[in-house]
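A quick write-up on the structure given underneath.
The shown structure was predicted, so the numbers you read here are calculated from the model rather than taken from an experiment.
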Amino acid sequence: MTHTADRLARAPQESAQDRTPWRVRLALHDIDGVTLLVVPAVLFVLGLFAYPFLYGLVLSFKPRAGDFLANYRKFFSDPFLYDTIYATLRLALPATIINVLISIPVALRVRKMHRRRLLTTILVIPITLGTVLIAEGLLNYLGPQGWLNRTLMLFGVISTPLRLVHNYTGVMLSLILSGFPFTFLLTLSYITGIDASLEQAAATLGAGARARFRHIVLPLLVQGLAVNFCLSFVQTFSVFPSAVLLGAPAGDTRVISIAAYQAAYEQYDASMASAIAMIMGFVQLAVVLLALAGRSLFYRGAAGGGKG
Amino acid sequence: MPIAGRDFRELRLEDLNRSFGTLNALKSVSLSIKRGEFIALLGPSGCGKSTALNCLAGLLTLTGGSIWLDQTRIDRLKPEERGFGMVFQNYALFPHMTVRRNIGFGLAMQGKPKEEIARKVEEALAIVRLNQQGDKLPGQLSGGQQQRVAIARAIVIEPPLVLMDEPLSNLDAKLRLEMRAEIRRIHDLIGSATIYVTHDQEEALSMADRIVVMRDGTVRQVGTPPELYARPAHADVAEFMGYRNLLPARVLEGSGADGIHVSVGGAVLKGVAIEQCPADQAIVAVRPDDLRPASDGPVAAIVESAQYHGRDFYCSGRASDGTELYFCSQQPLRKGEKVLLAADPTRVLIYAGASS
């Protein structure tokens, strides 16, 4: 009896203290049952990215000989190794910039087309082909006995075949071809995100096509282009198959991933390979941070016109 | 020199046509507009009013017809070459520019010197009463303020013609009323011509010098607000102007010079014939507030509902033959009550019935 009375007396007090149950409080922070769906992704990232990364980081400081920095010292004292950074940047930066730049006019045009789907599909096919198939195609078409050289020689434009593969040009072409669809799709989505009435308004205010692009489209696009640049750059930076298949992997296009591969599978020095991978990651990070820092100089808000 | 619309005498639209595939959005629309006029293009959505506006601005090309500003043909010019100011439905303010730069954009495009741009921008800010907000970004302003910036940006280039595409549709009711007066005041101040697209007949009636009623891509009637309010030329215009009672009727013999008699809803009403109509295919149009209870009223009806609207009760009911009627009453009426209704014969309009 007294027990029940006690409880009854306490009940309102309790509910006052505990007004928001934990479920509600979590929900206020956007955490509910659906949030559990994140768990597989988190496990995946931890297991397949964070763990190998940390393992590699630690491994890179345990060289086969010398103190913990020996690998890094070796890398930065041997031109055969540290030149690979330059060789990679020399491919990745121009290829990325060219792709981002070309994607802008193409996306501007495609945005206004009726058959956008069809064209987008055609442009996206190279993604599904993969780098190796593109490399093979280029070898066949652009090689010394390929149809391009044969045609040019047939018409007497050139007397000896142009060297388009097994050098810098070959790798560059392949990077542009395989990277463009991705860059283009991103640019297209950013450009279609710009409210079309903004350009119309600029036109009624006397801005021609060029001025509209300079004053309206470009400033609103810079943010997207920076992100696009970063994502495309990271993809291009890890170039491996095309550098081997289409390039001169011992010379001009000895990119950093080749150096890492050789350390790992030719010298069986996992520690050195890890160090190279860490350096590779650091260079990528540096470029990405630079691009993102440059982006903050520009307007960063919504690309819409009114309250919507 | 204060901001004033560029001088011209007349803007002529001659036989404008625009089709989208098989759909004819504009069908031979002709209109003449004088400097200083405020024209409202009024019609339900899909009637072609926005298409007409976009064709005027140059954002859409015509598939037929021509547009003339005095002696100059302008329909082949690009929008940037026309120099018309336009206010968009979503305002279309440049989100990355401050209010001042938004307003100064048109002047900068004309290559005006910096001092002149700054002076004119201040003037335009004063006209729309936003001097304190000049350095904010559009995203930091309220809807009404954004609206004012959009107007300032359109008028600061001193256009001969200002085009407005449903500029108030995104604002709340109170702000809409304020901005109506504001837009009319600015129009009178700068003295250019304004073409204002709206689907709201009250907006058109309260703001415009002349209203162009459109439907299915054609102009149905052009007239001053009182003309349109009192004498819509067609039954569909009447419907749009608030003549809620549109009843099939039969013209009776013996109609005299003082009006014609029609049989409607089991009763006989006297009215004015607006269109020639066959005896058995007429439509009677009466506004709810012109149909009121009267002790000797000819139309008997049973009240079905009554809503209090301040001065009047807006009621619906059924006539003896089942026809639905809308009317007004100053006295409260109860459901099921029987009333006799009467209308002033000059406000009972009779049109030809649809032949279909």
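When all heavy atoms are compared, the tightest approach of Arg153(B) to Ala201(A) is NH2-CB, 3.4 Å. The shortest non-hydrogen separation linking Met97(B) to Ile216(A) is CE-CD1, 3.9 Å. Of all the heavy atoms in Leu205(A) and Ile157(B), the pair that sits closest is CD2-CD1, 4.1 Å. Contact detail for Leu59(B) and Gln200(A): the closest heavy-atom pair is CD2-CB, 3.7 Å.
Taking a 6.0 Å sphere around NZ of Lys78(B), one finds it holds 12 or fewer heavy atoms contributed by other residues, nucleotides or ligands. Counting non-hydrogen atoms of neighbouring residues, nucleotides and ligands closer than 6.0 angstrom, the CZ atom of Arg73(B) exceeds 12 such neighbours. Around CZ of Phe20(B), the count of heavy atoms belonging to other residues, nucleotides or ligands within 6.0 Å exceeds 12.
Near-neighbour residues of residues 127-137 of chain B relative to chain A, defined by a heavy atom under 4.5 Å from a heavy atom of that chain, comprise Leu137(B).
Counting only heavy atoms from C-beta outward, the side chains of Phe84(B) and Thr204(A) never approach each other to under 4.5 Å. Counting heavy atoms from C-beta on, the side chains of Pro95(B) and Asp195(A) never come closer than 4.5 Å.
Note: Gly106(B) leads Gly106(B), Ala57(B), Gly83(B) in heavy-atom pairs under 4.5 Å with chain A.
For Val34(A), the side chain to side chain contact (heavy atoms under 4.5 Å, CB included) partners two or more places apart in sequence, or in a different chain, are Asp32(A), Leu37(A). Residues satisfying the side-chain hydrogen bond (donor to acceptor under 3.5 Å, both in side chains) criterion with Thr131(A), sequence neighbours excluded, are absent altogether.
Within the structure, salt bridge (Lys or Arg N to Asp or Glu O under 4.0 Å) pairs that include any residue of residues 209-228 of chain A comprise Arg212(A)-Glu80(B) (at least two apart or interchain).
Under a 3.5 Å cut-off, the side chain of His96(B) and the backbone N or O of His215(A) do form a donor-acceptor pair.
Looking at Ala202(A), both its backbone and its side chain come within 4.5 Å of chain B, counting heavy atoms on both sides. Looking at Phe88(B), only its side chain comes within 4.5 Å of chain A, counting heavy atoms on both sides.
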